[in-house]
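Because the structure is predicted, anything quoted here is derived from the model rather than measured.
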Amino acid sequence: HWYQRALRLKPSSDVFASIGNAFLETGQTELAKKNFEKSLSIDPNNSVSLFRLGDIAVQKNPAEGIKLFERAIENGLLYSEPFQALAAAH
C-alpha cells in the first residue's frame, strides 16, 4: 500500500493525516480516527487532523467537536470548511 511506503520513507504527522483522510473517504472511520490521533501524537497542532477528528467527534459529542474545530482554526486551518462546520455545530 502507498501509505505503508510513505511511512517507511518519512513517518510524519502529515503522512498520518493523509492516511486518515483516505480511510475517512472510504468510510473507515475508526481507522481514520486512529491515524489522526497518531498524527497528533507527532504534532499536536496538525490542523487537518484536529479538524477531521472534530468532524468525527461532532456526531456523538458536539462540544468535543467544537473544541477540535476551534483548535484547527487556531492552528492555521483557514479554508472555509472548518468555519462552516463550527457554525453548524453551534
Side-chain angles (χ1 to χ4, degrees):
H1 288 73
W2 66 267
Y3 59 88
Q4 291 170 331
R5 184 167 182 245
L7 287 173
R8 279 195 306 272
L9 294 173
K10 185 179 178 188
S12 72
S13 180
D14 290 336
V15 171
F16 280 112
S18 294
I19 294 168
N21 279 328
F23 282 127
L24 199 58
E25 287 179 22
T26 60
Q28 298 177 72
T29 306
E30 285 305 312
L31 287 173
K33 185 177 176 180
K34 287 178 184 178
N35 279 280
F36 295 132
E37 289 168 347
K38 285 180 186 176
S39 168
L40 293 176
S41 74
I42 296 169
D43 176 6
N45 298 317
N46 184 296
S47 56
V48 171
S49 293
L50 289 166
F51 173 67
R52 295 298 181 204
L53 281 174
D55 231 4
I56 293 168
V58 78
Q59 305 302 317
K60 294 182 181 178
N61 185 343
E64 180 183 347
I66 288 169
K67 286 179 187 177
L68 289 164
F69 292 150
E70 289 172 342
R71 281 186 57 205
I73 292 167
E74 288 169 7
N75 285 290
L77 196 61
L78 298 177
Y79 58 89
S80 65
E81 195 175 358
F83 293 99
Q84 293 168 349
L86 183 58
H90 275 286

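Distance check: Leu50 CG to Glu74 CD gives 9.5 Å after rounding to the nearest 0.5 Å. Once rounded to the nearest 0.5 Å, the distance linking CG of Asn46 with OG of Ser12 reads 8.5 Å. Note that the OG atom of Ser47 and the CZ atom of Arg71 stand 11.0 Å from one another [nearest 0.5 Å].
Between Asp55 and Phe69 the shortest side-chain heavy-atom distance falls below 4.5 Å.
Under the side-chain hydrogen bond (donor to acceptor under 3.5 Å, both in side chains) criterion, Asn21 pairs with Arg52, sequence neighbours left out. For Gln28, the side-chain hydrogen bond (donor to acceptor under 3.5 Å, both in side chains) partners at least two apart in sequence or on another chain are Thr26. Every residue two or more places apart in sequence or in another chain was checked for a side-chain hydrogen bond (donor to acceptor under 3.5 Å, both in side chains) with Asn45, and none qualifies.
For Ser39 against Ser49, the heavy-atom pair with the smallest separation is OG-OG, 2.8 Å.
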Go through it in stages, so that I can follow the logic: the residues are Val58 and Leu68, the test is side-chain contact (heavy atoms from CB on, under 4.5 Å), and I'd like the CA-CA distance, side-chain angles, deciding distance and then a yes or no.
CA-CA 9 Å; Val58 78; Leu68 289 164; over 6 Å; no
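In this structure, Leu24 is a member of the same hydrophobic cluster as Leu53, with clusters built from ILVMFWY side-chain heavy atoms closer than 4.5 Å. Following chains of ILVMFWY side-chain contacts shorter than 4.5 Å, one cannot reach Phe36 starting from Phe23, and the two form parts of different hydrophobic clusters.
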